[in-house]
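Following: one structure in structure tokens, then a few remarks.
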2 protein chains.
Amino acid sequence: MEMNVRKKGILKAVINEYILTAEPIGSRTISKKYDLNVSSATIRNEMADLEDLGYLQQPHTSAGRIPSDKGYRFYVDSLIDIEKIPGSFEEMIRKKYLVRKKEVQDIVQVTSRMLSHLTRYTALVASPSSPDYFFQHLQLVPLEGKKVAVIVVISSGLVQHQTVTLQNRPAREELEHISRLINERLQGLPLKNINNEIFRALEKELRDKTLFRELYKSLVEFISEEGTNQEWGKIHLDGATNILEQPEFSDLEKVKVFLKLFEQEDMLKQLLNQIPTEGLKVVIGREVPLEEIRDCSLVVADYSFQDKTVGKMAILGPTRMNYPKVMATVNFMAEVLSKVLREED
Amino acid sequence: MEMNVRKKGILKAVINEYILTAEPIGSRTISKKYDLNVSSATIRNEMADLEDLGYLQQPHTSAGRIPSDKGYRFYVDSLIDIEKIPGSFEEMIRKKYLVRKKEVQDIVQVTSRMLSHLTRYTALVASPSSPDYFFQHLQLVPLEGKKVAVIVVISSGLVQHQTVTLQNRPAREELEHISRLINERLQGLPLKNINNEIFRALEKELRDKTLFRELYKSLVEFISEEGTNQEWGKIHLDGATNILEQPEFSDLEKVKVFLKLFEQEDMLKQLLNQIPTEGLKVVIGREVPLEEIRDCSLVVADYSFQDKTVGKMAILGPTRMNYPKVMATVNFMAEVLSKVLREED
DNA sequence: GCTTAGCACTCTACCATAAGGAGTGCTAAC
DNA sequence: GTTAGCACTCCTTATGGTAGAGTGCTAAGC
């Protein structure tokens, strides 16, 4: 026994219907709502076959069928009608990006908000992660006492800063000397090319080596890839409460697990990183690499900056999510974001 | 009929017990657990009186009593045993502040996290709001094309930045000219003294007035009190999911209202601003100026920087919250934070 | 006159049982 | 291969009945 056209049609009908209702689907529902030109008894037989094949499952003997993870997988891979996003939408979305000042963090935030609004699920957007950014400018601003503000500007206007408390009150000239030298040597360099050797070479040329060493630590944090302080890679989350609208989350325990997860950014970061993406990827139920949300699905897409993949966005929802709509939306948003970033440049 | 010592004792016992169990409290429970040297029948009579007086209420005829808002109010004002925070705690909390780099936003975040951890309720902390900060430094960094990064440093190391896209590619010298002049004139000025007149006076002295006008807008946003872009005043929230542990939130609808509120920062900001504080303030049930959370209580305290009140922190929990513990904790954290900020200076 | 034991009464929470309904699988006829 | 018919299963909902907690009232005691 194997798949045939009719089985596919029935599977598709069951999944479409289940996505809408969240209730087990019976044979009569299918025969009435979908024009398959066969009786409910025939559909019953086919559904029993689909269950044997692993695409459907039955909560209990006298209930209708619900899709299994395997069923969703087949649906997403072979049965889905890709939804078309009307071109007029792009204009609307672009307007949202214009409202905010165009900083990376804001763009990411707007994106996550829109994704969650459009899909009514939870959106995750990772901000651009250490791509081929260039070093632009370093500024050392003396503050009161022994404190210095270290400000680093990176290509496309990303600014990071930190306050460092030194052993002694630094001389203004020394700070200027250091920052002038660093700016001379590093300006325009890709961040990934800036390594310890460059810093060591710099150190040799400096008068006040102690001061440099004190500042060095925070510079590394900003600049080098291993830096722990990076704004990039941060996860923006939006629409966490949308899951409460889903009937599969009527159980408080489940909600708890979910929301607790959202308070741990590391976990989300790891989650997204564990999913390899080329374009659009759907991860269904058991395939999800995080135990707590094995009864959910993820639709992930990557977005690019200067034609390099720099970040990811994802929708997290129940396995019974509206795949056609979500896939179309995520794909679309990734494209628009990439375009917006390119133009920003 | 009015309050007497025994009534007060019974009211206190009922509230203490209810805080622990979240169940209506019967007369027998009180007579057994608390040494009041009277029988349950007497307590029954007194409880009926307390109900007439409005301090207690009965969910239904044959249930025990639960405190009313008025009851909690009396408890908080007159009956409470202030809990003592052991001095050793301060050391522990200070350590937490040391872990992070000492930026205002981080300090605020650490504070909210600790508040929610210590109390097991939801914590809100407003970051310092436009106090007597001083202007420290302005830096204009040219980026690719027509873009300029505007970076402003304020006393105690608060840094804000924004990217501005200009009409034309600016000349490096002009940017330097402008920033030099602004730094000369504004350095050390309290932000609240920097007004339009000063900017207008500045404009007169500048060569490239067009460029200045373009930058002017974002400067105003950072500096002036009406600025919309202010980091300060932002609300940090932590422990939102803690409310799920409370039995009064076993109803999903209630949870929804609560969590939806948390996604709206404006509302939270407004909420805190509507509560006048001098030291520690408790807002109970109906007293809360936000309809959605009228069955909750807030414990609010303000913290200071350079001996001026600059921000607020609050714990939000059910009216049946552990007032002695929460009040002690909030008070304590506000003090420690104020101390930490003073030392940071 | 305040306190208390005793008791009838009320209301909820819980459990068991029953009825209703949706949906299946199987059989036999087409 | 398809379909009508039917017995069967299992869930859901409603019903009734009971146990338990707690009250308010009364009358006796100190």
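Throughout, protein chains are lettered first and strands after them, A, B, ... in sequence-line order, and every chain is numbered starting at 1.
- Taking every side-chain heavy atom of A:Thr29 into account, C:dG23 is the closest of D:dG22, C:dG23, C:dA5.
- Distances shorter than 4.0 Å separate none of the side-chain N or O atoms of A:Ser40 from OP1 or OP2 on D:dT3.
- Ion pair A:Lys32/A:Glu17 not flagged as a salt bridge, since none of the NZ, NE, NH1 or NH2 atoms sits closer than 4.0 Å to an Asp/Glu carboxylate oxygen.
- Here C:dG25 presents its C1' atom at 12 Å from CG of A:Asp52, a figure rounded to the nearest Å.
- Note on B:Thr42: a side-chain N or O is less than 4.0 Å away from OP1 or OP2 of C:dT4.
- The nearest whole Å value for the distance from the CG atom in B:Leu56 to the P atom in D:dT23 is 11 Å.
- Spacing between atom CD1 of B:Ile43 and atom P of C:dT3 amounts to 11 Å, rounded to whole angstrom units.
- For D:dA4, neither phosphate oxygen OP1 nor OP2 lies less than 4.0 angstrom from any side-chain nitrogen or oxygen of A:Arg44.
- Side-chain N/O atoms of A:Arg6 include none lying less than 4.0 angstrom from OP1 or OP2 on D:dG1.
- The A:Ala41 side chain lies nearest to D:dT3 when the options are D:dG24, C:dG25, D:dT3.
- Between A:Thr61 and the phosphate of D:dC10, there is a side-chain N or O to OP1/OP2 separation shorter than 4.0 Å.
- Nearest-nucleotide positions on DNA chain D place A:His60 closer to the 5' end than the other of A:His60 and B:Gly26.
- Remark: the A:Arg28 side chain and the C:dG23 base include no donor-acceptor N/O pair separated by less than 3.5 Å.
- The aromatic rings of A:Phe258 and A:Phe249 sit perpendicular, their planes meeting at an angle over 60°, well past the 30° parallel limit.
- Under the 4.0 Å criterion applied to side-chain N and carboxylate O atoms, A:Lys7 and A:Glu46 are assigned as salt-bridge partners.
- Scanning for side chain to side chain contact (heavy atoms under 4.5 Å, CB included) contacts around B:Pro86 gives B:Ser88, B:Phe89, with sequence neighbours left out.
- Atom P of nucleotide D:dG20 and atom CD of B:Glu23 are separated by 17 Å, given to the nearest angstrom.
- OP1 or OP2 of D:dC11 has not a single side-chain nitrogen or oxygen of A:Ser62 nearer than 4.0 Å.
- Not a single donor-acceptor pair, N or O on each side, falls under 3.5 Å between the base of C:dT4 and the side chain of B:Ser39.
- In this entry the distance linking CG of A:Leu50 with C1' of C:dT24 reads 15 Å, nearest Å.
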